[in-house]
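Okay, so here's the structure we're looking at.
Being a predicted model, the structure only gives us computed values, none of them experimental. These numbers come from the heavy atoms of this one structure, side chains and all, not from hydrogens, waters or symmetry mates.
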Amino acid sequence: MAAVAVWSIWLRLRATGPAWLAVAVLLLSLTQLEFGVGLGVLRLWRFGPGAYPPVPVAMLAQVRGLPADAKLAYACRPFEEVSFWDSSLIGLYAHTGQQVVPMCFQAETFGLITGTPISGDVANPLFRWAPQRALYPTASSQPTAASVAAFLKDNGIDYIYADTLHPNTLVPDAIPIARNGETQLLRIP
């Protein structure tokens, strides 16, 4: 639809306005479409089901049963997240309405779009505003369980979600409150 709209605008400008303006609008619109399609496909790929194990329906019910303002943290991997405000486990949020917070260093992933080399040691430019950066300033950061627990409590996060790809490495003494197969819901003491 966007391409048809651009074409319609270009034809109207070509017929009524200067040719250079029509060409400029066409080039600007095509550039915007190219970036939009690229970013859209990357976002769909990054937030798609990928290699994540499905969340059991019984676990979704347990998460839905948490207090309305509850937040869940999970231990993620450096290349797993595109942005700190939309976790890759967005499906968990979509099915339960509970905010899910990724806890890890977030490496640069824009190289996937631009074709530039990516490195696990380079932070995603958006990560500079992430509160989690205090705990994970570099890819090799390994904060203590006490500092993670204090950070989570200070930010109103009382629960941890864990599964086979996201084991509970955040607060080892967290108390399991629900389990279904390899999926766990834990409460921070």
Quick one: pull up [atom1] in [X] and [atom2] in [Y] and give me the separation to the nearest 0.5 Å.
| X | Y | atom1 | atom2 | value |
| --- | --- | --- | --- | --- |
| Tyr159 | Gln98 | OH | CD | 8.5 Å |
| Leu170 | Ile188 | CG | CD1 | 7.5 Å |
| Asp163 | Glu182 | CG | CD | 9.0 Å |
| Cys76 | Gln132 | SG | CD | 7.5 Å |
| Leu165 | Tyr74 | CG | OH | 11.0 Å |
| His166 | Leu92 | NE2 | CG | 10.5 Å |

Check [X] against [Y] and note the closest heavy-atom contact, atom names and distance.
| X | Y | value |
| --- | --- | --- |
| Asn168 | Ile160 | OD1-CD1, 3.6 Å |
| His95 | Leu60 | CB-CD2, 3.9 Å |
| Leu72 | Ile157 | C-CG2, 4.0 Å |
| Thr96 | Arg64 | CA-CG, 3.8 Å |
| Ala145 | Pro172 | CB-CD, 3.4 Å |
| Ala58 | Asn180 | CB-ND2, 3.2 Å |

*asked:* My understanding is that only residues two or more places apart in sequence, or in another chain, count here; which of them pass salt bridge (charged side-chain N to carboxylate O under 4.0 Å, His left out) with Lys153?
replied: Asp158
*Taking the six-membered ring for Trp, is the centroid-to-centroid distance between Phe127 and Tyr136 below 6.0 Å?*
no
*Run the side chain to side chain contact (heavy atoms under 4.5 Å, CB included) check on Leu152 and Val171 step by step: do they pass?*
CA-CA 10 Å; Leu152 295 175; Val171 182; 4.1 Å; yes
_I'd like to know if the side chain of Arg133 reaches the main chain of Ala130, judged simply by a donor and an acceptor atom lying under 3.5 Å from each other, with no hydrogens or angles considered._
no
_Partners meeting side-chain hydrogen bond (donor to acceptor under 3.5 Å, both in side chains) with Ser147 (sequence neighbours left out)_ = Thr144
*Less than 4.5 Å apart, any side-chain heavy atom of Gln106 and any of Cys104?*
yes
*Any side-chain heavy atom of Leu185 within less than 4.5 Å of one from Val63?*
yes
*Same cluster (ILVMFWY, side-chain, under 4.5 Å), Leu28 and Leu11*: no
*Would Met103 and Leu135 count as a side chain to side chain contact (heavy atoms under 4.5 Å, CB included) if you check the C-alpha gap in whole Å, the side-chain angles of each, and the deciding distance to 0.1 Å?*
CA-CA 9 Å; Met103 295 296 294; Leu135 292 173; 3.6 Å; yes
